[in-house]
Amino acid sequence: MKALVAGSGGREHAIAWALAKSPQVSQVVCVPGNGGTAGEPKCVNVPARDGEDFDGAVCRIARRESCDFAVIGPEDPLARGLADRLRGEGIPVAGPGKDAARLESSKDFAKSFMARHGVASARSRTFLSASEARSYVETLAPPVVIKADGLAAGKGVVVAPDKETALGALTRFMEEGALGDAGRKILVEDFLSGPEYSVLAAVSVSRQKNTASILPFLPARDHKRLLTGNRGPNTGGMGAVCPVPDVTEAALEEFHRAILQPTLGGLVAEGIDYEGFIFFGVILTGGGSKLLEYNARLGDPETQAVLPLMESDFASLCLALIGGGLGDFKLSWKKGAVCAPVAVSGGYPGAYKTGFPIDLGDVPGGAKIFVSGARQQDGGLVTAGGRVLAASAWGREPEEARELAYRTLRGVRFKDLYFRTDIGTAPRV
Ligand code: GLY
């Protein structure tokens with residue numbers, strides 16, 4: 001069986017690696033893949049042609065390579081409807097269509113969906129008029145959260161500690177067009193505080209197949225801030241762990257009751273077909289677990305910590321969610337924990353240089369490097385992005401996983417490399 005993975009990040013490397021481990025899979029076609037997937041057994045990178053659009057390239061390559069199914073990693077192609085396009089060409093896909101992907105691509109759609117189905121989340125109001133948004137902000141006690149409706153590559157959320165910051169964000173997003181169309185409509189939300197965690201899940205909701213199943217994975221935690229101690233600017237994610245010791249059984253039960261089940265019920269009630277993965281960004285407040293956001297995909301870097309703990313065959317899971325068999329799928333997990341700290345280029349998330357040779361050192365048993373921003377050059381790896389790689393390591397206990405992950409990461413060398421030293425010790429608050 002041939003699988004196609006669309007995307008070029010660390011999440012896509014982990015997906016390709018997990019698919020390639022399956023005895024059912026003979027080849028994983030990565031479009032375009034990265035320097036990590038290029039060296040992965042059974043994986044092959046296939047780039048788009050010069051000038052070819054990404055979605056068109058994925059469809060053409062899936063057809064040419066006779067791929068049996070595809071997994072779409074990132075949000076942008078999902079929001080554009082790549083999954084619909086592939087399905088239209090007869091290629092089965094793990095990834096929601098454009099309509100369902102609005103749970104991520106429109107924060108307003110997501111919040112109103114949550115409200116319609118009683119999903120626990122913060123109070124929120126949506127505005128198209130900057131002056132109305134300003135008047136509303138004036139009535140609130142800070143901090144408040146200003147969110148752009150559309151996809152904004154992680155730049156669309158401002159947690160404003162005071163009114164001035166909130167009003168400034170409204171002006172930048174709505175009037176100055178700092179985020180383009182993504183910020184013309186905004187949401188003003190109540191601020192919630194507490195440790196955060198992420199739950200990824202496989203979803204199969206199809207009217208045609210009469211399915212309505214959701215299978216949550218073990219909880220994980222991303223660490224968004226750049227610097228050790230949860231300080232500094234937000235990033236795409238500086239490391240993840242799975243599972244999360246401070247997310248108790250009771251908290252997870254509440255998550256199921258107040259967030260997961262109403263989400264499934266909502267998809268069914270609204271007739272929204274969803275065959276793919278979903279991401280729940282959750283905050284544990286004094287008033288219980290609340291949903292901060294949905295993403296219509298697996299998380300990055302959570303996937304690099306979650307998939308190495310999955311004992312079940314990931315290709316079989318994808319085929320079950322595509323084929324209508326998710327309800328009968330038994331998901332099993334290895335015992336223990338995974339820690340996956342990320343190494344970034346100096347200067348990230350601001351400007352950084354690329355093209356530096358990478359020496360991975362000796363990767364010990366129990367550890368795996370997942371590449372995000374690196375390409376192959378002259379038989380070696382060179383840096384090609386802000387987040388360069390994650391050292392993902394397993395241990396019987398979280399501390400053992402952490403120790404092995406950091407031993408692995410300390411063996412990695414490239415110019416201006418930086419990593420946080422506290423992944424797995426600091427709750428994401
Ligand atoms: N780690 C958060 C995300 O993937 O959006």
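Each ligand, and each atom within it, is numbered from 1 in the order the structure gives. Predicted model only: the values in this text are computed from it and were never measured.
- Residue Arg297 places a heavy atom less than 4.0 Å from ligand 1.
- Remark: ligand 1 atoms within the under-4.0 Å shell around heavy atoms of Asn295 are 3 (C), 5 (O).
- Every atom of ligand 1 with a heavy atom of Gly299 under 4.0 Å away is listed here by number and element: 4 (O).
- Looking at Glu104 and Arg297, a side-chain N of the basic residue comes within less than 4.0 Å of a carboxylate O on the acidic one, giving a salt bridge.
- Closest non-hydrogen pair, Glu65 versus Gln27, comes out as OE1-OE1, 4.3 Å.
- Considering only residues two or more places apart in sequence or on other chains, Glu254 meets the side-chain hydrogen bond (donor to acceptor under 3.5 Å, both in side chains) condition with none of them.
- Looking at Glu293 next to ligand 1, no N or O pair under 3.5 Å apart turns up.
- For the pair Arg11 and ligand 1, no heavy-atom separation below 4.0 Å is found.
- The distance from ligand 1 to the heavy atoms of Lys224 drops below 4.0 Å at these ligand atoms: 1 (N), 2 (C).
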- Check step by step if ring-ring contact (aromatic ring centres under 6.0 Å, His included) holds for Phe217 and Phe314. CA-CA 12 Å; Phe217 300 172; Phe314 184 63; 7.4 Å; no
Under 3.5 Å, which donor-acceptor pairs link side chains of residues 34-48 to any protein atom two or more places apart or in another chain?
unit_1, atom_1, unit_2, atom_2, d
Asn34, OD1, Gly36, N, 2.7
Asn34, OD1, Thr37, N, 3.0
Asn34, ND2, Ser8, O, 3.2
Asn34, ND2, Gly9, O, 3.2
Asn34, ND2, Val371, O, 2.8
Thr37, OG1, Asn34, N, 2.8
Thr37, OG1, Asn34, O, 3.0
Thr37, OG1, Asn45, OD1, 2.7
Glu40, OE1, His13, NE2, 2.6
Glu40, OE1, Lys368, NZ, 3.0
Glu40, OE2, Lys368, NZ, 3.2
Lys42, NZ, Ala20, O, 2.8
Lys42, NZ, Ser22, O, 3.0
Lys42, NZ, Val25, O, 2.6
Asn45, ND2, Asn34, O, 2.9

